[in-house]
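Read through the structure below, which is laid out as structure tokens, and then see the notes.
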Amino acid sequence: MSDPVITPEVVEGHGLKPEEYRLILEILGREPSLTELGIFSVMWSEHCSYKNSKPLLRLLPTEGPSVLQGPGENAGVVAFGDQLAICFKMESHNHPSAVEPYQGAATGVGGILRDIFTMGARPVALVDALFFGEPGTPEVDRVVQGVVHGIADYGNCVGVPTIAGQVTFAPAFAGNPLVNAMAVGVMRQEDLTLAKARTPGSIVVYFGNATGRDGVHGATFASVELSEETMEQRSAVQVGDPFMGKKILEATLELIRSGAVEAIQDMGAAGLTCSGCEIAGRGRLGMKLDLDAVPQRARNMTPYEMMLSESQERMLAVIPPARVEEAMAILDKWEVNPAIVGEVTDDGLLTVYHGGEVCAKVPALKISAESPVYTRETERPESFPTEPFVPGGWTQSLDMEKALLDLLAHPTIASKAWIHEQYDTMVQTNTVLGPGAGAAVLRVEGSGHLLGISTGVDPLKVACDPYLGGQMAVAEAALNLWCVGAVPLGLTDNLNFGNPEKPSQFWYFKRAVEGIADISKAMGVPVTGGNVSLYNENPTGPIWPTPTVGMVGSVETPERLIRPGFKEPGEQIYALGTPASDLSGSWLSWLREEGRLPAPLAPPAGHPASLGPRMTRLVALLEEAIGQGLLASAQDVSEGGLAVAIAESILFAPKVLGASIFLQDPSLPLLFGEPGALVLVSVSPSRIDAWEYLLSCHPEVDMLELGVTTEKASLVVRSAMGGDRVKQVDLPVARLAKARGREPYPG
């Protein structure tokens with residue numbers, strides 16, 4: 001069957017712009033075949049090329065003393081002691097999860113796991129950050145249940161614990177859920193393996209599942225807005241196979257440790273095309289592929305389909321000729337169906353054969369690392385307010401007890417036990433702190449350190465102010481680590497935004513990246529890699545901008561570990577950092593203003609817009625306090641403000657406790673504002689003197705003494721009013737627990 005004529009309609013159907021097609025003609029010096037057009041279209045999609053985001057991503061700090069591998073490879077790697085390393089990355093599977101929630105989420109987990117073990121690391125943890133519409137509608141319930149089951153089934157089958165993450169519910173995600181999956185692995189530094197061909201004549205080996213028609217053009221599908229038409233593209237969604245995923249995991253790690261592999265990469269987005277182009281392109285070499293040797297599970301597949309298929313659980317390895325027999329024996333042992341499909345060349349071309357004829361010949365570097373790059377226009381949205389947010393009249397008559405209970409019951413803040421209980425959080429038996437804590441903590445075999453893992457982002461904050469919201473995402477992930485005693489080592493990000501070709505949407509993206517870059521530099525935490533997911537829009541509008549941050553850190557000794565929750569009666573409770581001076585960007589305002597964005601988000605009075613200086617001062621104090629063992633508990637203050645943080649510290653306690661809080665300032669912002677860079681801590685009576693001395697050494701950090709933990713199982717808040725102490729909150733712990741809930745997801 002001959003290829004169709006390449007018309008402007010065919011080019012447009014591949015997601016290519018006329019000027020991009022003209023560039024293809026210039027590169028090739030001729031018209032492309034349909035297979036070549038497909039190769040260019042997927043490799044030049046936003047999903048694979050980052051053509052709209054590269055200029056901004058260069059702002060991010062990517063180097064640091066612990067960084068062994070930064071952006072540009074399958075995952076980032078940081079040193080963990082002298083001999084071990086932590087490999088980690090976060091990626092999205094948003095569009096597929098909107099169409100087929102179960103398979104979209106399951107294959108997202110499979111893909112991010114392959115990114116980790118491809119580098120030579122054994123996956124030890126999965127983390128997910130999920131964003132859905134408001135619960136209670138049939139469509140949202142269908143998506144939620146499918147996504148959660150997909151994550152649970154894949155992770156449980158492969159034997160990797162899902163131990164941390166976050167879930168946000170808001171109307172902006174109703175038609176476009178976000179599924180951000182992060183995987184973390186542990187490796188010997190000497191096992192670090194890159195997807196970069198080095199030697200012409202090396203043999204290209206395919207292993208894993210056979211190639212089918214599922215996932216054809218998945219990368220292009222992920223680079224357009226969702227619509228009624230694209231929602232019907234179920235062929236763009238892949239099908240996961242966790243049992244083969246487990247086998248290729250073990251086969252890959254054994255292959256790497258044998259030393260018989262020169263380069264290796266999973267066939268993720270764009271399948272054979274991406275893995276072949278990138279392995280060859282990174283080494284400035286070429287590759288020949290014989291599609292007749294590729295295992296196929298569908299009949300009469302065309303070269304176009306085979307090169308663009310995203311069938312799951314497939315790997316491409318480059319093996320020196322002298323080690324091929326050894327490598328094939330390892331792969332045969334694990335029953336992963338290896339096949340020799342090509343060789344590395346020195347001509348710089350990806351040359352594809354089918355039926356003995358050349359069906360594609362394209363420059364590997366041009367289609368992988370040298371795709372078109374665009375500098376998009378930005379425009380502050382007309383709807384973005386220029387005046388400070390002033391809440392309505394409800395602030396004067398607010399029932400604080402009801403406000404706290406409403407916040408605790410909100411799906412975003414309430415207990416996620418109904419999700420966590422579907423995950424195997426203890427497989428591999430290294431989990432020290434699992435879901436529910438601000439950060440997860442794992443034991444690491446062969447190390448005296450513990451590994452901390454956290455995420456951070458509040459899309460409401462980013463929608464209110466993308467620069468500060470981006471900074472708050474990094475600050476939240478970092479403080480989650482500090483609050484368990486971990487020092488941050490590096491971060492990965494998953495930047496979920498709307499259509500970059502719309503100046504107002506690209507403005508959110510640009511400001512958020514600038515915020516992430518500035519605070520990461522200020523804190524000295526490098527960005528080792530990540531993922532950009534744009535075009536998250538549907539006919540009802542764009543998502544809230546959501547730059548999810550994942551972070552890893554080291555708890556240097558088990559004695560530094562801080563478990564969540566107050567511990568004993570009599571602990572003094574403090575807020576460290578500058579409390580909120582207004583309710584801008586808070587979830588209380590969002591709920592009370594009937595869903596209108598309370599923008600812009602104002603920094604605390606008298607402080608600069610950047611959180612960087614406040615964070616560096618705060619973490620310097622926390623580092624000394626943790627090192628001296630002064631903190632009984634620590635909790636990052638995020639959604640719901642100090643009031644929710646206090647309630648959660650009561651509920652996380654290992655025994656039944658309460659708290660008595662006295663506020664000189666009875667204002668709502670103090671209790672419910674969410675300024676970022678604010679931590680709730682408690683100190684046992686025996687350490688108060690040492691604590692107060694440490695505070696005197698850090699006068700640059702704002703501190704507010706709030707009260708004391710009590711044997712009485714209730715949260716009591718009193719405020720100074722007219723010379724009297726007026727009780728504003730008196731809630732039994734049982735009511736707090738009921739509001740926060742452990743009920744399963746409705747429907």
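Residues take their numbers from the sequence shown, with the count starting at 1.
Residues Val462 and Pro547 form a side-chain contact, since some pair of their non-hydrogen atoms from C-beta on lies under 4.5 Å apart. In this structure, the side chains of Phe173 and Val143 stay at 4.5 Å or more apart for every pair of heavy atoms. Under the 4.5 Å side-chain criterion, counting only non-hydrogen atoms from C-beta, Ile419 is not in contact with Asp128. In this structure the side chain of Val708 never reaches within 4.5 angstrom of the side chain of Phe566, judged on heavy atoms. Contact of the Asn180 side chain with the Ser92 side chain is registered, since non-hydrogen atoms from C-beta on lie closer than 4.5 Å. Side-chain contact between Ser684 and Lys567 is absent, with no heavy atoms from C-beta onward closer than 4.5 Å. You'll find the side chain of Ile516 reaches within 4.5 Å of the side chain of Leu495, heavy atoms only. At least one side-chain heavy atom of Leu631 sits less than 4.5 Å from a side-chain heavy atom of Leu622.
Side-chain atoms of Ser447 come within 3.5 Å of backbone atoms of His449 as a donor-acceptor pair (strictly under, hydrogens ignored). In terms of modelled atom types and a separation under 3.5 Å, the side chain of Lys461 and the main chain of Gly585 share a donor-acceptor contact. With hydrogens and angles disregarded, a donor-acceptor distance shorter than 3.5 Å links the side chain of Ser454 to the backbone of Ala477. Counting only distance, with no hydrogens or angles, the side chain of Glu401 and the backbone of Asp730 share a donor-acceptor pair below 3.5 Å. Within the 3.5 Å criterion, the main-chain N or O of Ser584 finds no donor-acceptor partner in the side chain of Ser589. Remark: the backbone N or O of Tyr467 is not paired with any side-chain donor or acceptor of Gln471 at under 3.5 angstrom. Between the Thr709 side chain and the Gly570 main chain, a donor and an acceptor come within less than 3.5 Å of each other. Side-chain atoms of Asn496 come within 3.5 Å of backbone N or O of Thr546 as a donor-acceptor pair. Looking at Ser415, its side chain does come within 3.5 Å of a backbone N or O of Gly741 through a donor-acceptor pair. Listed for the Ser520 side chain is no donor-acceptor partner under 3.5 Å among the backbone atoms of Pro61.
How far CD1 of Ile573 is from CD1 of Ile661: 4.0 Å, rounded to the nearest 0.5 Å. Distance check: Lys738 NZ to Leu731 CG gives 13.0 Å after rounding to the nearest 0.5 Å. Taken to the nearest 0.5 Å, the OH atom of Tyr574 stands 12.0 Å off from the CG atom of Leu680. Of the inter-residue distances, the one linking Leu715 atom CG with Leu651 atom CG reads 9.5 Å to the nearest 0.5 angstrom. Note that CG of Asp493 is 9.0 Å distant from OG1 of Thr548, once rounded to the nearest 0.5 Å.
The salt bridge (charged side-chain N to carboxylate O under 4.0 Å, His left out) check on Glu692 picks up nothing, with sequence neighbours excluded. Applying the salt bridge (charged side-chain N to carboxylate O under 4.0 Å, His left out) test to Arg563 and every residue at least two apart in sequence or in another chain returns nothing. Applying the salt bridge (charged side-chain N to carboxylate O under 4.0 Å, His left out) rule to Lys521 yields no partners; only residues at least two apart in sequence or on another chain are considered. The side-chain hydrogen bond (donor to acceptor under 3.5 Å, both in side chains) test applied to Thr492 returns no partner, not counting sequence neighbours. Taking Asn430 as the reference, nothing meets the side-chain hydrogen bond (donor to acceptor under 3.5 Å, both in side chains) condition, with sequence neighbours excluded.
Salt bridge absent: Asp399 and Lys402 never bring a charged side-chain N and a carboxylate O closer than 4.0 Å. Under the 4.0 Å criterion applied to side-chain N and carboxylate O atoms, Arg560 and Glu623 are assigned as salt-bridge partners.
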Original post:
After noting the C-alpha distance and the side-chain angles of Lys655 and Glu568, does the key distance pass the side chain to side chain contact (heavy atoms under 4.5 Å, CB included) rule?
Top reply: CA-CA 8 Å; Lys655 61 175 69 175; Glu568 300 286 346; 2.8 Å; yes
**OP:** Determine, step by step, whether Val474 and Met551 satisfy the side chain to side chain contact (heavy atoms under 4.5 Å, CB included) criterion, reporting the C-alpha distance in whole Å, the side-chain angles of both residues, the deciding distance to 0.1 Å, and the verdict.
**Re:** CA-CA 8 Å; Val474 177; Met551 199 173 289; 4.1 Å; yes
Donor-acceptor contacts under 3.5 Å from residues 633-643 side chains, at least two apart:
from	atom 1	to	atom 2	distance (Å)
Ser633	OG	Ser682	OG	2.6
Gln635	NE2	Glu648	OE1	2.9

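Under a cut-off of 6.0 angstrom, the local environment of CZ in Arg735 is sparse, with at most 12 non-hydrogen atoms contributed by other residues, nucleotides or ligands. Heavy atoms from other residues, nucleotides or ligands lying under 6.0 Å from OH of Tyr693 number 12 at most.
Taking the six-membered ring where the residue is Trp, the centroids of Phe131 and Trp544 are separated by 6.0 Å or more.
Contact detail for Arg740 and Ile413: the closest heavy-atom pair is NE-O, 4.0 Å. Considering every non-hydrogen atom in both Pro569 and Glu711, the closest pair reads CG-CG, 3.4 Å. Here the closest heavy-atom approach between residue Tyr508 and residue Ala463 is recorded as CE2-O, 3.8 Å. Minimum interatomic distance between Arg614 and Gly676 (heavy atoms only, all atoms of both residues): NH2-O, 2.8 Å.
Aromatic ring pairs are classed by plane angle as parallel below 30°, tilted from 30° to 60° and perpendicular above 60°; the pair Phe169 and Trp418 is tilted. Taking the six-membered ring where tryptophan is involved, the planes of Trp587 and Trp590 are perpendicular, since the angle between them exceeds 60° and thus also 30°.
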